[in-house]
Each structure stands twice: as structure tokens, then as C-alpha cells.
Amino acid sequence: MSLRILIVEDHADIRKLIRMTLEFEDYEIHEAPNADEGREAVRRLRPDLLLLDVMMPGSMNGLDLCRLLKSDASLGLPRVILLSARGQGQDIEAGMNAGADAYLLKPFSPLKLIETIDSLGGHHGKAP
């Protein structure tokens, strides 16, 4: 069973790079350009994992969506990897406090992304 991953990122070029990285693995990949569309995609697709940009335009950012996903069991409680260029201690702490399972600093290597997904149970369907 392949892992269903939703990429929520407002920059199309970054979404494309992430998709290209993940296409070599056995993942079902979906995309959303902002947190509002990401929330709708989560309801529709029930992803196992979100790759979620922290800073996005719209009514909510990545931290808001992460908090929502982790507090509403009806959304399937997917794993969340936050992606951000902001790497100060308080930024990482805010991400983890929002319920993130991991926090990756941009730019990150394709290998680091795959390793992080694997560490969350990426090759075995939903992690326990």
C-alpha cells in the first residue's frame, strides 16, 4: 500500500521539486497551493502525511492548519512535516507545539526529505 502524501506549498516551483523528489518512491502524491485548499484536500483525500509550508498567504498559515489537523480526529490525524525557511529555536518550537511530527528547514536535501518521511513510517502505510 503506497503512502498518500499531500504537499501544501504556495510556491509552485517548490511543489514541483518536492514532487520530483518523491516520484522515485512508491507514494501517491497530491498538491494544494495554500492551507485553505489543503484543508479541503485533507477532507477529500485522507492523506497519511502532509508536507506543509509554514508561511503561506490566505486565511490560515501552515501552523494553523497543523493545529487544526492535530485537533480534529475526523480529519484522520495525518502525520505532518513542516517545511520552513525560518530556523530559529522559537520557530521550530512553535511548529512542534502546533503538533508537527517533524520540522525541515528550507532548503533541504532530497535525501533528508526521504529520510524524514521514512522515520515517520513512510514505507509501511500509516505509522502506528
Side-chain angles (χ1 to χ4, degrees):
M1 179 176 140
S2 68
L3 193 72
R4 183 174 297 149
I5 297 177
L6 175 61
I7 303 164
V8 184
E9 164 66 62
D10 59 315
H11 291 101
D13 55 340
I14 296 175
R15 283 198 315 270
K16 182 178 179 181
L17 285 170
I18 294 171
R19 176 181 277 279
M20 289 170 56
T21 297
L22 299 180
E23 283 177 337
F24 294 104
E25 304 293 324
D26 183 29
Y27 299 138
E28 178 185 325
I29 304 165
H30 301 272
E31 299 178 24
N34 58 53
D36 295 304
E37 289 187 38
R39 180 181 59 207
E40 291 308 312
V42 167
R43 286 191 173 113
R44 189 175 67 252
L45 300 168
R46 296 291 188 213
D48 301 298
L49 175 74
L50 268 79
L51 300 175
L52 183 55
D53 184 23
V54 171
M55 295 183 294
M56 288 183 285
S59 67
M60 66 178 152
N61 64 26
L63 293 178
D64 297 329
L65 180 55
C66 186
R67 272 188 219 96
L68 176 73
L69 294 173
K70 294 300 187 169
S71 65
D72 186 347
S74 74
L75 296 174
L77 299 175
R79 300 293 180 115
V80 176
I81 299 174
L82 289 176
L83 310 174
S84 181
R86 299 176 69 165
Q88 298 293 321
Q90 68 262 27
D91 298 314
I92 296 168
E93 185 176 339
M96 301 315 280
N97 286 340
D101 296 287
Y103 193 103
L104 281 181
L105 287 178
K106 294 178 184 175
F108 47 82
S109 74
L111 182 60
K112 181 65 175 170
L113 178 60
I114 298 295
E115 285 175 356
T116 303
I117 292 170
D118 286 349
S119 76
L120 296 176
H123 284 297
H124 312 290
K126 279 197 186 238

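In this chain, residues are counted from 1 in sequence order.
In the hydrophobic clustering of ILVMFWY residues, with side-chain heavy atoms under 4.5 Å counting as a link, Leu17 and Leu82 come out apart. Hydrophobic clustering (ILVMFWY, side-chain heavy atoms < 4.5 Å, transitive): Val8 and Leu104 are in distinct clusters. Leu77 is not connected to Leu63 by any chain of hydrophobic side-chain contacts under 4.5 Å among Ile, Leu, Val, Met, Phe, Trp and Tyr, and they are in different clusters. Note on Val80: it clusters hydrophobically with Met60, by side-chain heavy-atom contacts below 4.5 Å among ILVMFWY residues.
Put simply, CG on Asp101 and OG on Ser119 are 9.0 Å apart, with the number rounded to the nearest 0.5 Å. Taken to the nearest 0.5 Å, the CG atom of Asn97 stands 10.5 Å off from the SG atom of Cys66. Distance check, rounded to the nearest 0.5 Å: NE2 of His30 to CD1 of Ile7 gives 10.0 Å. For the atom pair CG of Asp64 and CG of Asp36, the computed distance is 9.5 Å after rounding to the nearest 0.5 Å. Rounding to the nearest 0.5 Å gives a distance of 15.5 Å between CZ of Arg79 and CG of Leu52. We find the CZ-CG distance between Arg19 and Leu22 to be 9.0 Å, quoted to the nearest 0.5 Å.
Distance alone, capped at 3.5 Å, places no donor-acceptor pair between the Asp72 side chain and the Leu69 backbone. No donor-acceptor pair closer than 3.5 Å links the side chain of Asp48 to the backbone N or O of Leu3. Side-chain N or O atoms of Arg4 include one that pairs as donor or acceptor with a backbone N or O of Leu45 at under 3.5 Å. Judged by distance alone, the side chain of Lys70 and the main-chain N or O of Leu65 form no donor-acceptor pair under 3.5 Å. The backbone N or O of His11 sits less than 3.5 Å from a side-chain atom of Glu9, completing a donor-acceptor pair.
Here the closest heavy-atom approach between residue Pro78 and residue Leu50 is recorded as CG-CD1, 3.7 Å. Annotation for Tyr103 and Met96: closest pair CB-SD, 4.2 Å, computed over non-hydrogen atoms. For Ile92 against Gly87, the heavy-atom pair with the smallest separation is CD1-O, 3.7 Å. Across every non-hydrogen atom of Ala41 and Pro47, the tightest pair is O-CD, 4.4 Å. Of all heavy-atom pairs spanning Arg86 and Leu105, the tightest one is O-CD2, 3.5 Å. Taking every heavy atom of both residues into account, Leu6 and Ala32 meet most closely at CD1-N, 4.1 Å.
A heavy-atom distance below 4.5 Å is found between the side chains of Leu75 and Arg43. Residues Val54 and Leu83 have side chains not in contact (no heavy-atom distance under 4.5 Å, counting atoms from C-beta outward). In this structure, Ile14 and Lys106 have side chains that are in contact, with non-hydrogen atoms separated by less than 4.5 Å. By the 4.5 Å heavy-atom criterion applied to side chains, Thr116 and Phe108 are not counted as neighbours. When side chains are defined from C-beta on, Asp91 counts as touching Gln88, because their heavy atoms get closer than 4.5 Å.
Remark: Glu93 pairs with no residue by the salt bridge (Lys or Arg N to Asp or Glu O under 4.0 Å) rule, at least two apart or across chains. For Lys16, the side chain to side chain contact (heavy atoms under 4.5 Å, CB included) partners are Met20, not counting sequence neighbours.
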Q: Evaluate side chain to side chain contact (heavy atoms under 4.5 Å, CB included) for Val42 paired with Arg39, printing each intermediate quantity in order.
A: CA-CA 5 Å; Val42 167; Arg39 180 181 59 207; 5.7 Å; no
Q.
side chain to side chain contact (heavy atoms under 4.5 Å, CB included), that's the test. Do Thr21 and Glu25 meet it? Break it down for me.
A. CA-CA 8 Å; Thr21 297; Glu25 304 293 324; over 6 Å; no
Q | Working for side chain to side chain contact (heavy atoms under 4.5 Å, CB included), residues Leu51 and Ile18 | A | CA-CA 9 Å; Leu51 300 175; Ile18 294 171; 3.6 Å; yes
Q: Under the side chain to side chain contact (heavy atoms under 4.5 Å, CB included) rule, what do Leu120 and Leu49 come out as? Steps first, then yes or no, please.
A: CA-CA 9 Å; Leu120 296 176; Leu49 175 74; 4.1 Å; yes
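A salt bridge does not link Arg15 to Asp10: none of the charged side-chain nitrogens sits closer than 4.0 Å to a carboxylate oxygen.
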